Peer 1: 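The structure that follows is given in the form of structure tokens.
This structure is a prediction, so every number in the text was calculated from the model and none was measured. Just so you know, ligand 1 is whichever comes first in the structure, and atom 1 is the first atom listed for that ligand.
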Amino acid sequence: MPRALLSALLLFSSLLPHSALAQWQQHQWDVMGTRASVTLWSEQDAAPLFAALEKEMSRLNILLSPWVEDSELAKVNRLAASEAQTISAEFYALLEKSRDYYQLTGGAFDISFASAGHLYDYREGTSPDEETLQEATRHIDASNIQLLPANQVRFTDPGTTIDLGGIAKGYAIDQGIDLLKRAGIEQAWLSLGGDSYVLGDHRGRPWGVGIRHPRDKDAIAMRLPLSDIAMSTSGDYQRYFISKGERIHHIISPETGKSAGELVSVTILTEKSIDADALSTSVFVLGREKGLALINRLANTSVIIIDQQGEVYYSDDLVPPE
Ligand code: ADP
Ligand code: MG
């Protein structure tokens, strides 16, 4: 190579943004009633990406929160029993997904759990009295949610209230990971409360993702080596209070309107966060036997269950052959 060209190339390469900037960058913030956290590898300053993630998750919160007065969801809760409501294609698709899970789980996953679920106040530590609860529980039935053509939804029962809390965080993570991938990011860990996705690896090895100890918030029950996978944990320790010695928490059995009591922690591993999120809530409600049976018949889906006694159970794909 001619000397002049070589020195020109050397000069040029020293002008390029130097990869000394390439580094792990981290950001945390509060959204959707929980803590969001992202760690990623980038050669550029990731601040604009972090801002884009915050913006997308706030957008979803405003779309889906039952507590934001003019969210689409709050509007549907107020009006869909009187008249069919036209909603965004995005919200409609989430209602369809919720209906699929309602059918797949034989009714364990039911977004109309909120018809009774919203009578609990976990912060204040209050529950409805038995009579009020029984009356409200009669309205838990996702077959009262009619999905009509042209993105319309109607409730056939005026006592119906819905809440996408069992699926929204998973969806938000999938959206966030898409955003990062489109920006060229190949290695990242994105989490929202008990839901996370790990993209690529971490310094050439899998990421070590912990499952929280259900009764010791500073301890990890187990750590799993993971890459390119979604993980969701549903636990009875996320939102709860103790009343008369009983743990009242946020995962509701649609049959009783009360907290599902058999398990303390359910972790799902699968390809998409939306599915991991819906299934962790579902298995928590179904209990060990039915939950394991469900996961064992789904492709590319694993579960780790911890019950009240502290026993740990795994789906068949995680158990080594004898
Ligand atoms: P977290 O929201 O703590 O990450 P989960 O994924 O376990 O936990 O979801 C729990 C949330 O799911 C509850 O806060 C509530 O919004 C919703 N939920 C509770 N019971 C049900 C149910 N039977 N079917 C569908 N969603 C439910
Ligand atoms: Mg869930």
Side-chain angles (χ1 to χ4, degrees), residues 31-37 57 60-61 64-67 71 73-74 77 94-95 97-123 136-137 139-143 145 160-174 191-197 211-212 214 217 230-241 248-270 272-287 290-291 294-295 301 303 305-306:
V31 69
M32 295 180 126
T34 189
R35 193 85 177 140
S37 173
M57 295 199 180
L60 291 174
N61 189 48
L64 301 174
S65 168
W67 315 119
S71 72
L73 185 132
N77 274 339
L94 287 169
L95 294 181
K97 191 79 170 172
S98 302
R99 182 184 56 191
D100 293 347
Y101 275 107
Y102 171 72
Q103 286 164 352
L104 181 75
T105 62
F109 187 89
D110 186 336
I111 58 172
S112 71
F113 83 89
S115 309
H118 282 183
L119 299 174
Y120 295 89
D121 187 330
Y122 301 100
R123 239 177 259 161
T137 302
H139 303 285
I140 304 182
D141 181 352
S143 61
I145 307 165
T160 305
T161 302
I162 60 168
D163 185 328
L164 293 183
I167 201 169
K169 288 203 275 290
Y171 176 66
I173 290 187
D174 288 334
S191 75
L192 262 180
D195 293 85
S196 53
Y197 189 94
I211 299 178
R212 209 182 105 171
K217 70 175 170 38
M231 173 166 137
S232 170
T233 299
S234 288
D236 67 359
Y237 49 82
Q238 295 274 22
R239 215 165 285 169
Y240 75 97
F241 59 93
I248 315 282
H249 65 82
H250 69 320
I251 304 173
I252 304 286
S253 159
E255 277 171 16
T256 60
K258 297 184 179 174
S259 310
E262 184 188 324
L263 307 177
V264 299
S265 166
V266 173
T267 298
I268 298 280
L269 300 168
T270 192
K272 289 211 150 255
S273 280
I274 190 168
D275 299 308
D277 194 4
L279 285 171
S280 66
T281 308
S282 302
V283 172
F284 201 104
V285 171
L286 286 169
K290 286 187 182 159
L294 170 66
I295 300 305
T301 310
V303 67
I305 292 174
I306 309 177

Peer 1: Would a 4.5 Å heavy-atom cut-off, applied to side chains only, mark Ile173 and Asp277 as touching?
Peer 2: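 The answer is no, as the side chains (C-beta and beyond) never meet within the 4.5 Å cut-off.
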
Peer 1: Show your reasoning for whether side-chain contact (heavy atoms from CB on, under 4.5 Å) applies to Ile162 and Leu95.
Peer 2: CA-CA 10 Å; Ile162 60 168; Leu95 294 181; 3.9 Å; yes

Peer 1: Determine, stepwise, if the pair Met32 / Leu60 fulfils side-chain contact (heavy atoms from CB on, under 4.5 Å).
Peer 2: CA-CA 8 Å; Met32 295 180 126; Leu60 291 174; 4.0 Å; yes

Peer 1: Do Thr267 and Thr233 get their side chains close enough for a donor-acceptor pair, meaning under 3.5 Å?
Peer 2: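 Yes - a donor-acceptor pair under 3.5 Å links their side chains.
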
Peer 1: Are any protein N/O atoms closer than 3.5 Å to the N/O atoms of ligand 1? If there are, list each pair with names and the distance to one decimal place.
Peer 2:
residue  : atom   : partner : partner atom : Å
ligand 1 : 2 (O)  : Lys169  : NZ           : 2.8
ligand 1 : 3 (O)  : His250  : NE2          : 2.9
ligand 1 : 6 (O)  : Ser234  : OG           : 3.4
ligand 1 : 6 (O)  : Asp277  : OD1          : 2.8
ligand 1 : 6 (O)  : Thr281  : OG1          : 3.1
ligand 1 : 7 (O)  : Ser234  : OG           : 2.5
ligand 1 : 7 (O)  : Thr281  : OG1          : 3.4
ligand 1 : 9 (O)  : Thr281  : OG1          : 3.3
ligand 1 : 12 (O) : Gly166  : N            : 3.2
ligand 1 : 20 (N) : Ile252  : N            : 3.0
ligand 1 : 23 (N) : Ala108  : O            : 3.0
ligand 1 : 23 (N) : Ile252  : O            : 2.8
ligand 1 : 24 (N) : Asp110  : N            : 2.9
ligand 1 : 24 (N) : Asp110  : O            : 3.3

Peer 1: Does the plane of the ring in His250 sit parallel, tilted or perpendicular to the ring in Tyr122? Use 30° and 60° as the thresholds.
Peer 2: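 Because their plane-to-plane angle is over 60°, the rings of His250 and Tyr122 count as perpendicular.
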
Peer 1: What are the two closest heavy atoms between Asp163 and His118, and how far apart are they?
Peer 2: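 For Asp163 versus His118, the nearest heavy atoms are OD2-NE2, 2.8 Å.
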
Peer 1: In sequence, state the C-alpha distance, the side-chain angles, and the governing distance for His249 and Gln238, and then conclude on side-chain contact (heavy atoms from CB on, under 4.5 Å).
Peer 2: CA-CA 8 Å; His249 65 82; Gln238 295 274 22; over 6 Å; no

Peer 1: Do you know how many protein N, O or S atoms are within a distance smaller than 2.8 Å of the Mg ion (ligand 2)?
Peer 2: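 Total protein N/O/S atoms under 2.8 Å from the Mg ion (ligand 2): 3.
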
Peer 1: With a 3.5 Å cut-off and no angle check, do the side chains of Ser280 and Ser232 form a donor-acceptor pair?
Peer 2: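 Yes, Ser232 and Ser280 have a side-chain donor paired with an acceptor closer than 3.5 Å.
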
Peer 1: So does Glu255 have more than 12 non-hydrogen atoms from other groups sitting under 6.0 Å from CD?
Peer 2: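 It does not: Glu255 CD has 12 such atoms or fewer within range.
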
